[in-house]
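Heads up, the thing below is written out as structure tokens.
Sequence lines set the chain letters: A, B, ... in the order given, protein chains first and strands last, and positions in each chain run from 1.
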Amino acid sequence: MNTPVKVRFAPSPTGYLHIGGVRTALFNWLFARHHGGRFVLRIEDTDLSRSTEESIHEIIEALKWLGLDWDEGPYRQMERQDLYHQKARQLLDEGKAYRCYCTPEELEAKRQAALEKKQNPKYDGTCRYRKDVPEGTPGVVRFKAPLEGTVTVHDLLRGKVSFDVRELDDIILQRSDGTPTYNFVVVVDDADMGITHVIRGDDHLSNTPKQALLYQALGYPLPEFAHISMILGADKTRLSKRHGATSTLAYRDMGYLPDALINYLVRLGWSLGDQEIFRREEMIRNFSINSVTLSAAVFNPEKLIWINEQYIQTTPPIELAKHLAPILVKEGILPENHGLSADEIAKPIPLLNQRAKTLVEMAGKARFYFKKEVEFDEAARKKFLNHESQPLLTQLAAQIETLDELTSENLETSFKEIVEAAGVKLGKLAQPVRVALTGKTESPGIYDTILLLGKETTLARLNQAAVGINSSE
RNA sequence: GACCCCAUAGUCUAGCCUGGUCAGGACACAAGAUUUUCAUUCUUGUAGCGCGGGUUCAAAUCCCGCUGGGGUCGCCA
């Protein structure tokens, strides 16, 4: 590709960044990276009443967490108003736009009337040829759309899509407060920023002919368009709060890895043979926008969990530790000022990465390692720390005491000797030991657990448990 | 309602362009194996081309219609 590509992700800061938005960002990002082009972040904050600074921060934090880095921006449209005013002025001067003084109430009444007569609720053109200038209001600026003809949009994924301009409307370009509207700024900005490919959700497909007309009126060349399908909830309706967490950062807090979320999202619409797991470089190298599926995809949390599990299993512990640390703090397992290095946090991970689907789950299973005191599950204590197991625990403590260095081999030998002498099964010893060391009936392999805790802690917990049995009766 | 988009198992998808392979893979689900707990892992299984026409020796694949789903129709983006 010899013309450098330039794409953008243009969220509106009217709420958190949701999963669907992330996928749009991801496809743009992959397209830019694949082609060695540029990826622009542009904040569409022209709706003064709904845009918030918190949303902007959330969007940026989410993109950073996901590693979707941008080359330009974030631009803010409210800082570019001079440009929009100038362009609106230009259209007005050229007779390609006009001022409309109809009030929102009047427009709403017209809409309702049209709907009742089963007509299309488009603007009736009252102000289109109006000569007088009412006082007290600047009115809005409307686009003077052609009255007839066909607009054909070329979509990279769908081919040619045609619209009859009679279905279109004299859309508002500038509100009465002087701020520009979406369909106008998106055209001005995409053209001004030299965007070569507009990759966005297919909820914008119907807007495209209106925008195409604006490109024409403003004398701009048309970019390429690619409208990707949307993500739906399990009930096949648009993904929303009703479908559980849709906030991207919520997935971070639930213990998902950014790479896992990215991997899940890229497979919604894009594939490469039978491959399910992709490293970023593989995605970038193989990504192709025109092989993206056209149909909407249902968000499937189970598949996401499975992918997350795969990433937890294969991510190097030291790396995983960086993501686990904040969750350990959040879950109250480590104090905020724990001062532990990634190396120290990573210690129990090799034992846990085959048995956790999320980092939150892993944090819970790492509790026994990071907490000084064992937190007992009462039912487990009652069942396994009793007079039947006590002599076995005492024997094991004595055995371990004699070992200079603990290895899984000599631990296994010690366990076997004790259970054989007592004529019981291994579980009769392993389970009580497990409870004594971790407080629970579930844990990594018992020899691994002992090795992880070390001789000193193991003996302390074993003895504490044995003593506890005595004093309880 | 009008316009636009879409259609392979419960879900994500390969195959469609350039008709002819038992329609391939994955998640989930079920059964079994392994096992000191919990998991992991392995094996096997259940399940699909929305419907109706047409073209053709032959249609998941090409054409038309229907149905179904989604989207848009704001001084929201």
Side-chain angles (χ1 to χ4, degrees), chain A residues 10-14 44-47 49-51 100 102-104 107-108 111 114-122 139-142 153 155 157-158 161-164 166-169 171-183 185-186 200-210 227 229-230 232 234 236-238 264 267-277 293-307 309 313 352-357 361 365 380 384 412 415 419 425-431 433-435 438 440-447 449:
Chain A
S12 68
T14 53
E44 310 235 327
D45 57 352
T46 55
D47 183 347
S49 62
R50 297 200 309 150
S51 298
C100 169
C102 297
T103 65
L107 293 172
E108 186 52 33
R111 236 192 309 276
L115 243 26
E116 272 171 38
K117 281 187 279 182
K118 294 197 171 178
Q119 290 171 339
N120 272 351
K122 59 181 281 190
V140 300
V141 176
R142 268 189 200 275
V153 173
D155 185 276
L157 304 181
R158 295 156 213 268
V161 184
S162 296
F163 299 83
D164 190 323
R166 279 171 296 198
E167 297 292 336
L168 274 24
D169 207 348
I171 55 169
I172 291 174
L173 270 22
Q174 195 175 86
R175 303 183 183 93
S176 45
D177 69 359
T179 57
T181 61
Y182 167 73
N183 279 300
V185 281
V186 75
R200 65 206 334 183
D202 72 10
D203 47 336
H204 286 294
L205 188 53
S206 300
N207 285 324
T208 310
K210 304 174 196 169
H227 290 92
S229 62
M230 314 199 63
L232 309 178
K236 303 237 181 186
T237 63
R238 202 177 181 143
Y264 174 69
R267 284 286 292 104
L268 251 36
W270 180 77
S271 62
L272 183 70
D274 289 339
Q275 194 170 342
E276 294 289 347
I277 305 294
T293 303
L294 270 13
S295 51
V298 172
F299 184 80
N300 185 313
E302 279 83 30
K303 181 82 176 272
L304 206 210
I305 286 182
W306 178 80
I307 290 185
E309 191 183 0
Q313 288 179 355
L352 301 173
N353 61 6
Q354 302 298 312
R355 28 173 65 81
K357 297 179 193 302
E361 190 185 347
K365 290 182 190 296
F384 292 105
E412 186 175 354
F415 271 70
V419 294
K425 286 191 173 174
L426 186 54
K428 285 289 181 189
L429 174 59
Q431 278 305 78
V433 171
R434 195 182 308 283
V435 175
T438 70
K440 295 185 212 144
T441 55
E442 306 160 14
S443 85
I446 195 62
Y447 310 134
T449 302

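- For A:S271, a side-chain nitrogen or oxygen approaches OP1 or OP2 of B:A14 to under 4.0 Å.
- Remark: A:K357 pairs with A:E309 by the salt bridge (Lys or Arg N to Asp or Glu O under 4.0 Å) rule, at least two apart or across chains.
- For the pair A:L352 CG and B:C38 P, the interatomic distance rounds to 16 Å; values are reported in whole Å.
- Annotation: side chain to side chain donor-acceptor pair (under 3.5 Å) contacts of A:D169 (sequence neighbours excluded): none.
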Which protein N or O atoms sit under 3.5 Å from an N or O of nucleotides 39-47 of chain B?
unit_1 : atom_1 : unit_2 : atom_2 : d
B:A39  : O2'    : A:Q354 : O      : 3.0
B:U40  : OP1    : A:K357 : NZ     : 3.4
B:U40  : O4'    : A:Q354 : O      : 3.1
B:U40  : O3'    : A:Q313 : NE2    : 3.2
B:U40  : O2'    : A:Q354 : OE1    : 2.8

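- Rounding to whole angstrom units, CD1 of residue A:I171 and P of B:A77 are separated by 11 Å.
- With B:A77, B:C27, B:C38 as the candidates, the nucleotide lying closest to the side chain of A:E302 is B:C27.
- One can place OH of A:Y182 at 16 Å from P of B:C75, the figure rounded to the nearest angstrom.
- The backbone N or O of A:I172 lies less than 3.5 Å from a partner atom in the side chain of A:T181, making a donor-acceptor pair.
- Among the atoms of the strands shown, base atoms are found under 4.0 Å from some heavy atom of A:S443.
- The side chain to side chain donor-acceptor pair (under 3.5 Å) test applied to A:R111 returns A:E108, not counting sequence neighbours.
- Here B:C5 presents its C1' atom at 17 Å from CG of A:D164, a figure rounded to the nearest Å.
- In this structure A:F163 satisfies the ring pair (Phe, Tyr, Trp, His ring centres under 6.0 Å) test with no other residue, sequence neighbours excluded.
- Not counting sequence neighbours, the partners of A:Y182 by the ring pair (Phe, Tyr, Trp, His ring centres under 6.0 Å) test are A:H204.
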Considering only nitrogen or oxygen atoms on both sides, find all protein atoms under 3.5 Å from nucleotides 71-73 of chain B and state each distance.
unit_1 : atom_1 : unit_2 : atom_2 : d
B:G71  : O3'    : A:R238 : NH1    : 3.3
B:G71  : N2     : A:S206 : OG     : 3.4
B:U72  : OP1    : A:R238 : NH1    : 2.8
B:U72  : OP2    : A:R238 : NH1    : 3.3

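- Base pairing of B:U41 is made with B:A33, judged by Watson-Crick or G-U wobble geometry with both donor-acceptor distances under 3.5 Å.
- Residue whose closest nucleotide on RNA chain B sits further toward the 5' end, between A:L157 and A:E442: A:L157.
- In the set B:C5, B:C75, B:U37, the nucleotide with an atom closest to the side chain of A:V161 is B:C5.
- Between A:D202 and A:M230 there is a side-chain heavy-atom pair separated by less than 4.5 Å.
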Taking only N/O atoms, report every protein-nucleotides 8-12 of chain B pair under 3.5 Å with atom names and distance.
unit_1 : atom_1 : unit_2 : atom_2 : d
B:U11  : OP1    : A:K236 : NZ     : 3.4
B:U11  : O2'    : A:N300 : ND2    : 3.3
B:C12  : OP1    : A:V298 : N      : 2.9
B:C12  : O2'    : A:R267 : O      : 2.9

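- Considering only residues two or more places apart in sequence or on other chains, A:T449 meets the side chain to side chain donor-acceptor pair (under 3.5 Å) condition with none of them.
- If you check B:U11 for Watson-Crick or wobble pairing at under 3.5 angstrom, you find it paired to B:A26.
- Proximity of A:T46 to the phosphate of B:A77: a side-chain N or O atom is located under 4.0 Å from OP1 or OP2.
- Pairing of B:A59, defined by two Watson-Crick or G-U wobble distances under 3.5 Å, is not identified with any nucleotide.
- The ring pair (Phe, Tyr, Trp, His ring centres under 6.0 Å) search around A:W306 returns none, not counting sequence neighbours.
- With sequence neighbours left out, the side chain to side chain donor-acceptor pair (under 3.5 Å) criterion links A:K303 to A:E276.
- Looking at residues two or more places apart in sequence or on another chain, you find a side chain to side chain contact (heavy atoms under 4.5 Å, CB included) between A:L304 and A:Y251, A:Y256, A:L261, A:Y264, A:F299.
- A:I172 has its CD1 atom 4 Å from the P atom of B:C75, to the nearest Å.
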